Amino acid sequence: QVQLVESGGGLVQAGGSLRLSCAASGRTFSNYGMAWFRQAPGKEREFLAAINWSGDSTYYPDSVKGRFTISRDNARNTVYLQMNSLKPEDTAVYYCAAKMGSWVKTAPHEYYFWGQGTQVTVSS
């Protein structure tokens, strides 16, 4: 089992930045590929970024490439999502997720463990 707790969400103006954190506990954090998703009201959960166990490989969809950056610190058991140039349409609940095995997976059902989410609201 891996327990995940997100933090760092909040209210930000359009064009601003936020850095989300996801603290992991339980099993060895470095065994897991990590990812960030978000879900806006009435919409499906959307894949944002993934990172491999060592942190030297990342993957983004085109929709956020260049604005969002995922990173991890295995010594701190934490994964981060740096979000820049935020837009009102980025408003959502943001989740981190963990999985073993192949780390480049974009479908939510591929991930075994989830945090409770953190709200990000971007005002225009």
Side-chain angles (χ1 to χ4, degrees):
Q1 285 281 355
V2 174
Q3 292 78 44
L4 303 173
V5 179
E6 301 95 338
S7 62
L11 175 64
V12 64
Q13 288 190 331
S17 298
L18 278 177
R19 189 177 80 155
L20 305 183
S21 300
C22 172
S25 60
R27 295 289 182 90
T28 305
F29 177 66
S30 59
N31 287 345
Y32 293 84
M34 300 296 296
W36 286 94
F37 289 78
R38 69 185 178 191
Q39 189 164 19
K43 294 189 176 181
E44 293 186 350
R45 195 161 292 193
E46 177 188 9
F47 169 78
L48 299 175
I51 190 166
N52 72 338
W53 67 273
S54 65
D56 60 3
S57 294
T58 58
Y59 178 75
Y60 306 91
D62 288 343
S63 57
V64 302
K65 194 177 294 182
R67 292 198 302 130
F68 291 6
T69 302
I70 189 171
S71 61
R72 67 189 295 163
D73 183 342
N74 285 344
R76 297 179 182 271
N77 288 355
T78 302
V79 63
Y80 304 96
L81 184 68
Q82 177 67 43
M83 304 186 294
N84 299 326
S85 303
L86 284 164
K87 307 172 184 179
E89 51 264 44
D90 293 317
T91 295
V93 178
Y94 284 67
Y95 300 90
C96 66
K99 70 177 305 295
M100 298 188 74
S102 176
W103 63 276
V104 185
K105 297 292 184 182
T106 62
H109 71 264
E110 297 280 357
Y111 289 81
Y112 309 144
F113 304 107
W114 292 84
Q116 84 290 347
T118 185
Q119 176 71 45
V120 171
T121 303
V122 184
S123 63
S124 58

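Just so it is clear, the model here is predicted, and its values are computed rather than measured. Starting from 1, each residue takes its place in the sequence as its number.
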message: Evaluate Glu6 against Gln116 for side chain to side chain contact (heavy atoms under 4.5 Å, CB included), listing each step before the verdict.
response: CA-CA 7 Å; Glu6 301 95 338; Gln116 84 290 347; 2.9 Å; yes
- prompt: In terms of side-chain geometry, is the basic nitrogen of Asp62 or Lys65 positioned less than 4.0 Å from the acidic oxygen of its partner?
  reply: yes
field: Same cluster (ILVMFWY, side-chain, under 4.5 Å), Val2 and Leu20
entry: yes
query: Would you find a donor on one side and an acceptor on the other, under 3.5 Å apart, between the side chain of Gln13 and the backbone of Val122?
result: no
Ala98 to Leu4 - nearest heavy-atom pair and separation: N-CD1, 4.0 Å
statement: Nearest heavy-atom contact between Pro88 and Ser124 is CG-CB, 3.8 Å
task: Taking the side chain as every heavy atom from C-beta outward, state whether Gln119 and Leu11 have any atom pair closer than 4.5 Å.
output: no
query: Do Leu81 and Thr69 pass the side chain to side chain contact (heavy atoms under 4.5 Å, CB included) test, and can you show the C-alpha distance, the side-chain angles, and the key distance before you say yes or no?
result: CA-CA 6 Å; Leu81 184 68; Thr69 302; over 6 Å; no
task: Find out whether the Lys NZ or Arg CZ of Arg45 is both under 6.0 angstrom from the six-membered ring centre of Trp114 and within 45° of the ring's axis.
output: yes
- prompt: Are Thr106 and Tyr59 close enough, and set up right, to give a side chain to side chain contact (heavy atoms under 4.5 Å, CB included), and what steps lead you there?
  reply: CA-CA 9 Å; Thr106 62; Tyr59 178 75; 3.8 Å; yes
message: How close do Gln82 and Ser17 get, counting heavy atoms only, and between which atoms?
response: NE2-CB, 3.9 Å
task: Check whether any side-chain heavy atom of Glu46 lies under 4.5 Å from a side-chain heavy atom of Pro108, and answer yes or no.
output: no
- prompt: Would you say Val120 and Met83 make side-chain contact, with heavy atoms under 4.5 Å?
  reply: yes
task: Could you grab the distance from atom OH of Tyr112 to atom NZ of Lys99, nearest 0.5 Å is fine?
output: 5.0 Å
- prompt: Atom OG in Ser123, atom CG in Leu86: separation rounded to 0.5 Å?
  reply: 10.0 Å
query: Taking atom types as modelled and ignoring hydrogens, do the side chains of Asp73 and Thr78 form a donor-acceptor contact shorter than 3.5 angstrom?
result: no
query: Parallel, tilted or perpendicular: which fits the ring planes of Phe47 and Phe37, with parallel below 30° and perpendicular above 60°?
result: perpendicular
query: So, for Pro61 and Ala49, which heavy atoms are closest and what is the spacing to 0.1 Å?
result: CD-N, 4.4 Å
message: Ring of Tyr95, cation from Arg38 - is the NZ or CZ under 6.0 Å from the centre and inside 45° of the axis?
response: no
- prompt: At their closest point, which heavy atom of Leu18 faces which heavy atom of Gly8, and how far apart are they?
  reply: CD2-O, 3.8 Å
message: Please say yes or no: joined through hydrophobic side-chain contacts below 4.5 Å, possibly via intermediate residues, are Tyr80 and Tyr94 part of one cluster?
response: no
Any donor-acceptor pair under 3.5 Å from Thr118 side chain to Gly9 backbone: yes
task: Could you check Thr58, Asp56, Val79, Asn77 and say which one makes a side-chain contact (heavy atoms from CB on, under 4.5 Å) with Arg72?
output: Val79
message: As a quick check of understanding, evaluate side chain to side chain contact (heavy atoms under 4.5 Å, CB included) for Phe29 and Met34, giving each step before the final call.
response: CA-CA 9 Å; Phe29 177 66; Met34 300 296 296; 3.8 Å; yes
- prompt: Would a hydrophobic clustering, with Ile, Leu, Val, Met, Phe, Trp and Tyr connected at side-chain separations under 4.5 Å, put Tyr32 with Ile51?
  reply: yes
query: So, Asn74 side chain and Trp53 main chain: donor-acceptor pair closer than 3.5 Å or not?
result: yes
- request: Determine whether Phe113 and Leu48 fall in the same hydrophobic cluster, where Ile, Leu, Val, Met, Phe, Trp and Tyr are linked whenever their side-chain heavy atoms lie under 4.5 Å apart.
  value: yes
query: Are the side chain of Asn52 and the backbone N or O of Trp103 linked by a donor-acceptor pair below 3.5 Å?
result: no
query: Is there a donor-acceptor pair under 3.5 Å between the side chain of Arg67 and the backbone N or O of Ser85?
result: yes
message: Would you say Ile70 ends up clustered with Phe68 if hydrophobic residues are merged whenever their side chains have heavy atoms under 4.5 Å apart, either directly or through other cluster members?
response: yes
